[in-house]
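Proteins get letters first, then strands, A, B, ... in listed order; numbering begins at 1 in each.
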Amino acid sequence: MNYKRHLITAALPYANGPVHIGHLAGCYLPADIYVRYLRSKGSDVKFVCGSDEHGVPITIKAKKEGVTPQQVVDKYHKIMGDAFKEFGISFDIYSRTSSKIHHQTASDFFKVLYEKGSFTEQTTEQYYDEEAKQFLADRYIVGTCPKCANENAYGDQCEKCGTSLSPTELISPRSTLSGAKPVLKKTKNWFLPLDKLSPDIKKYIEQHPDWKPNVYGQCKSWLDSGDGLQPRAMTRDLDWGVPVPVPGAEGKVLYVWFDAPIGYISATKELTSNWASYWKDKETRLIHFIGKDNIVFHCIIFPAMLMQHGDFILPDNVPANEFLNLEGDKISTSRNWAVWLHEYLIDFKDKQDVLRYTLCANAPETKDNDFTWKDFQAKNNNELVAILGNFVNRTLVLTHKYYEGKVPEAAQYIKEDLLILEEVARFPDKIAQALEAFKFREALAEYMNLARLGNKYLAETEPWKLIKTDAERVKTIMNISLQITCNLAVLGEVFLPFTSEKLFALLNVNPLKWGGAKQTNNMPAGHLIRKEELLFSKIEDTEIDIQIQKLQAAKKKNEEQVSAIASAKTAISFEEFEKIDIRIGTVLEAEKVKGADKLLKLLIDTGLDKRVIVSGIAQFYTPEEIKGKQVSVLVNLAPRKIKGIESQGMILMAQNQQGELSVVAPVKNNVNNGAGVK
RNA sequence: GGCGCGGUAGCUCAGUUGGUGAGAGCGCAGGAUUCAUAACCCUGAGGUCGGGAGUUCAAAUCUCCCCCGCGCUACCA
């Protein structure tokens with residue numbers, strides 16, 4: 001289909017920390033390359049982004065730092081915006097969701113859906129802090145992780161062992177606001193009934209089988225697997241965000257994932273009075289660049305919202321990337337395992353394009369990928385310096401040496417010249433084809449092939465020899481080399497904008513559009529170029545070692561922190577302790593619970609009786625291993641059904657920092673089944 | 001356990017309507033060369049295409065089973 005215009009969005013980064021290479025590689029860099037390409041082709045395109053500034057983590061950070069949420073987002077909005085700018089991410093607007101225009105837009109959007117009856121109201125029980133007099137978001141509740149005993153697990157996830165949790169799973173939960181023990185209290189919220197919308201969403205997804213396999217596959221998985229889509233709350237009990245604009249919603253705000261994608265709309269509004277044509281005209285192509293963590297929101301929830309609203313076009317493509325790892329480990333903000341853009345700029349001043357190049361060449365397009373400093377160095381030294389930089393330098397040096405910097409005339413083309421020119425002229429289309437398929441690695445590799453072609457041309461024609469015997473011929477060779485250099489500047493603008501700019505300056509030429517690179521006469525004879533200057537410089541081992549050491553230091557620091565032992569729980573009386581009845585028992589039989597990864601069904605002789613206990617130890621004990629072993633059994637725990645099996649008690653396990661379990665049992669063999677543990 | 005994506009040369013990846021002896025870049029080895037940041041250029045070595053079974057005249061490509069990585073999901077008192 002031929003579109004009149006494009007609207008490109010890049011995921012709104014969450015304003016609670018700076019930007020790292022994973023963000024860049026996964027989302028902002030490919031988006032920027034794509035947009036630069038569209039602009040270079042002369043397309044009507046808008047590129048919008050902004051900070052995502054609502055949600056619970058920001059309020060927590062604010063509390064921790066003793067500042068207001070607004071101060072937190074102001075700080076990171078600036079840091080992130082500056083980092084993007086420094087790396088040449090060419091947003092037409094970098095807005096923010098705390099802006100007035102966004103609040104208005106999001107609020108209006110919600111109202112439309114509300115009035116259309118799109119939402120269902122549901123009353124659920126949520127933890128409530130009676131001292132602070134407010135409902136507690138999952139993140140506001142901390143407690144002991146049932147899996148790894150980390151005392152500071154959040155209500156939605158334990159950051160130590162990575163388990164996702166629900167607040168009610170936490171052992172001894174407490175409010176981070178007041179420290180009080182939260183109580184369950186009823187609250188009403190508005191849900192988007194995705195289950196009912198599922199057929200429309202499915203139809204929409206199935207219209208796009210051309211989406212990247214990871215994206216399409218994951219959407220299908222969400223739609224088809226298990227119980228399918230579930231209703232999702234679009235409002236929250238919180239005081240930081242866009243107030244819910246309907247009666248009876250005091251103290252509630254829009255769910256951050258409801259308001260964030262609307263941020264794309266508000267940013268467009270802020271950018272241009274013509275915003276509606278980018279959002280409501282079927283001839284506009286809407287593309288969301290995101291990381292894989294956002295697929296469900298951009299492919300399912302946001303389109304569902306847009307469909308319900310009715311006025312807007314739907315995303316035509318969502319080319320999500322996978323994740324970038326760093327030196328073999330997952331990038332982690334909290335563990336400081338990251339390369340921060342603002343720090344990179346200090347250590348590698350004016351080397352934005354080197355990082356852009358490395359991240360694009362190694363982009364996690366089809367699967368998670370690894371960034372290593374060694375590879376970064378190799379790509380700089382062996383590719384940017386040796387292939388691209390070197391070709392340009394050879395050409396410029398020879399031009400000055402032979403012609404005092406003036407472009408010589410191509411007197412007469414011979415057959416091999418014509419072949420080269422023909423090949424050179426094909427590059428814009430070749431690269432474009434890859435870009436349009438969101439194959440950025442391939443596009444970049446193709447771009448480098450143009451520089452390779454130039455090097456090869458010089459090596460084969462050997463102008464430095466011919467200059468002594470056939471000076472006329474050399475003019476043509478150098479003319480062609482200069483044309484290639486110019487085209488490298490044109491096509492390089494999308495990948496390496498800083499280098500491209502520098503190159504145009506060296507060539508003393510005004511930047512050309514994409515189609516210009518199909519020409520091989522952009523440098524007219526007699527045109528004076530500037531004195532050569534290196535485009536790239538080698539990166540030495542010492543510079544790389546510094547970075548690696550920096551990471552090792554972060555790792556060491558983490559290990560030290562992890563080894564901290566959780567402090568003791570609050571005191572109980574002896575009477576309370578006496579209520580607990582622990583006995584020694586022997587495992588008679590053990591088998592895996594089918595359909596569950598972590599569960600073993602145990603038959604235990606407790607001395608009192610033989611009873612069935614289901615225990616989540618399958619990852620640490622095979623049935624054969626545990627069979628016949630003595631264990632400690634909490635025998636007076638209320639029975640509970642697990643996976644359809646009634647579990648009568650629990651067996652006690654010791655758990656180490658890694659969450660690994662070990663049976664707690666007598667160390668002498670003089671204890672009978674039924675013996676009490678005191 | 002279920003679902004999705006992926007597992008191809010040392011590294012990063014191309015390659016499926018099944019069919020010329022399985023490819024590219026980087027790395028490595030050798031050669032050639034000096035205009036160029038010891039760069040470029042040429043040649044070469046290197047692969048049980050995760051493992052096994054099957055369908056077929058023919059499978060990296062189709063089917064089944066298994067293993068590994070990433071993610072979602074269930075279970076974990």
Side-chain angles (χ1 to χ4, degrees), chain A residues 145-147 163-165 169 171 212-227 292-293 295-296 320 322-323 325 330 358 361-372 374-375 378-379 381-387 389-402 434 439 441-442 444-446 448-449 451-452 454-467 474 477-478 481 532 534-538 592-600 613-619 634 637-640 642-645 647-653 659 661:
Chain A
C145 172
K147 193 183 166 196
T163 310
S164 53
L165 303 166
E169 288 179 287
I171 300 160
K212 290 174 62 170
N214 57 333
V215 177
Y216 188 75
Q218 193 172 138
C219 290
K220 293 286 282 175
S221 171
W222 274 84
L223 288 162
D224 297 339
S225 74
D227 302 330
K292 70 172 166 184
D293 51 330
I295 289 175
V296 63
E322 300 282 306
F323 282 157
N325 293 328
K330 205 169 288 188
T358 309
N362 256 340
E365 273 173 16
T366 55
K367 62 175 178 189
D368 289 358
N369 219 338
D370 201 24
F371 175 94
T372 65
K374 215 171 138 267
D375 188 62
K379 287 221 153 45
N381 293 355
N382 305 329
E383 298 180 30
L384 289 176
V385 171
I387 295 166
N390 187 38
F391 169 68
V392 170
N393 190 239
R394 302 167 84 177
T395 302
L396 300 188
V397 166
L398 287 175
T399 302
H400 280 286
K401 200 165 186 173
Y402 300 153
K439 294 181 174 178
R441 283 187 311 225
E442 184 185 321
L444 183 63
E446 205 54 73
M448 290 303 282
N449 280 340
R452 288 192 181 93
N455 276 320
K456 188 170 172 167
Y457 180 64
L458 284 181
E460 282 171 358
T461 53
E462 299 183 305
W464 50 90
K465 278 187 185 164
L466 280 181
I467 194 72
V474 173
I477 294 168
M478 291 317 299
S481 297
E532 76 268 8
L534 295 177
L535 291 179
F536 304 100
S537 58
K538 286 209 163 193
K592 284 206 73 172
V593 174
K594 63 179 172 184
D597 260 1
K598 303 176 185 175
L599 302 179
L600 289 187
I613 291 179
V614 176
S615 184
I617 59 171
Q619 290 171 314
L634 180 57
L637 182 69
R640 181 182 158 131
I642 298 167
K643 276 279 177 184
I645 304 164
S647 179
Q648 299 166 310
M650 71 184 270
I651 62 171
L652 304 188
M653 307 295 292
L661 298 175

In whole Å, what separates the P atom of B/rC42 from that of B/rU33?
15 Å
Quick note, A/Met650 side chain, CB onward, closest among B/rC35, B/rA77, B/rG1 is B/rA77
Here the distance between atom P of B/rG7 and atom CG of A/Asn369, to the nearest Å, is 12 Å
Ranking B/rA77, B/rC70, B/rA36 by distance to the side chain of A/Lys292, first place goes to B/rC70
Taken to the nearest whole Å, CG/A/Leu398 to P/B/rC40 is 16 Å
With the side chain defined as heavy atoms from C-beta on, A/Trp222 is closest, among B/rA77, B/rC41, B/rC72, to B/rC72
Verify, without hydrogens or angle tests, whether A/Lys212 (side chain) and A/Thr366 (backbone) share a donor-acceptor contact under 3.5 angstrom.
-> no
Check: Can you tell me how far C1' in B/rG47 sits from the matching atom in B/rG10, rounded to whole Å?
Finding: 11 Å
message = Suppose you measure atom P in B/rC62 against the same atom in B/rG18; what distance do you get, rounded to whole Å?
response = 8 Å
Of the listed B/rG4, B/rG25, B/rU12, the closest approach to the A/Ser221 side chain comes from B/rG4
From CG of A/Asn449 across to P of B/rG25 the rounded distance in Å is 8 Å
Polar atom pairs (N or O), protein with nucleotides 14-18 of chain B, under 3.5 Å:
from: B/rA14; atom 1: OP1; to: A/Thr366; atom 2: OG1; distance (Å): 3.4
from: B/rA14; atom 1: OP1; to: A/Arg441; atom 2: NH2; distance (Å): 3.2

Rounded to whole Å, the CZ-P distance (A/Phe323 to B/rC5) equals 18 Å
*asked:* Suppose you measure atom P in B/rG51 against the same atom in B/rU61; what distance do you get, rounded to whole Å?
replied: 10 Å
When both distances are under 3.5 Å in a Watson-Crick or G-U wobble arrangement, the nucleotide paired with B/rC5 is B/rG69
From the list A/Lys401, A/Arg394, A/Met478, side-chain contact (heavy atoms from CB on, under 4.5 Å) partner of A/Pro463 resolves to A/Met478
Atom NZ of A/Lys379 and atom C1' of B/rC26 are separated, to the nearest Å, by 6 Å
Side-chain atoms of A/Asn390 come closest, of B/rU37, B/rC26, B/rC40, to B/rC40
Side-chain contact check for A/Asn393: nearest option of B/rA36, B/rC72, B/rA77 is B/rA36
Testing B/rC5, B/rG4, B/rA77 for proximity to the side chain of A/Pro213, the answer is B/rC5
note: A/Phe391, atom CZ; B/rA39, atom C1'; distance rounded to Å ~ 14 Å
The reported gap from NZ in A/Lys379 to CE in A/Met448 (rounded to nearest 0.5 angstrom) is 10.5 Å
By nearest-heavy-atom nucleotide on RNA chain B, the more 5' of A/Ala361 and A/Ala386 is A/Ala361
(Q) What's the gap between B/rA53 and B/rA60 when it is taken at their P atoms, as a whole Å value? (A) 14 Å
Which whole number of Å gives the distance between the C1' atom of B/rG19 and that of B/rG31? 37 Å
query: Between B/rA24 and B/rA14, how far is it from one P atom to the other, in whole Å?
result: 15 Å
Closest to the side chain of A/Asp597, out of B/rA74, B/rC42, B/rG25, is B/rA74
Separation of B/rU12 atom C1' from A/Glu383 atom CD, nearest Å, is 10 Å
May I ask you to say whether A/Asp368 pairs ionically with A/Lys330, meaning some side-chain N is under 4.0 Å from a carboxylate O? no
Side-chain contact check for A/Asn455: nearest option of B/rC40, B/rG6, B/rC72 is B/rC40
Of A/Asn214 and A/Ala638, the one whose closest nucleotide on RNA chain B sits nearer the 5' end is A/Asn214
Between B/rC67 and B/rG23, how far apart are the C1' atoms? Round to whole Å, please. 27 Å
As its Watson-Crick or G-U partner within any shown strand, both distances under 3.5 Å, B/rU48 has none
So which protein nitrogen or oxygen atoms get under 3.5 Å of nucleotides 59-64 of chain B's nitrogens or oxygens?
none

When both distances are under 3.5 Å in a Watson-Crick or G-U wobble arrangement, the nucleotide paired with B/rA29 is B/rU43
Closest to the side chain of A/Val397, out of B/rA77, B/rC41, B/rA36, is B/rA36
Could A/Lys367 and A/Glu322 be called an ion pair, given the rule that one side-chain N must be under 4.0 Å from one carboxylate O?
no
Between A/Phe323 and A/Pro364 the two heavy atoms that sit nearest each other are O-CB, 3.4 Å
Check: Any chance the side chains of A/Asn449 and A/Arg452 put a donor and an acceptor closer than 3.5 Å?
Finding: yes
Rounded to whole Å, CZ of A/Arg640 lies from P of B/rC76 at a distance of 5 Å
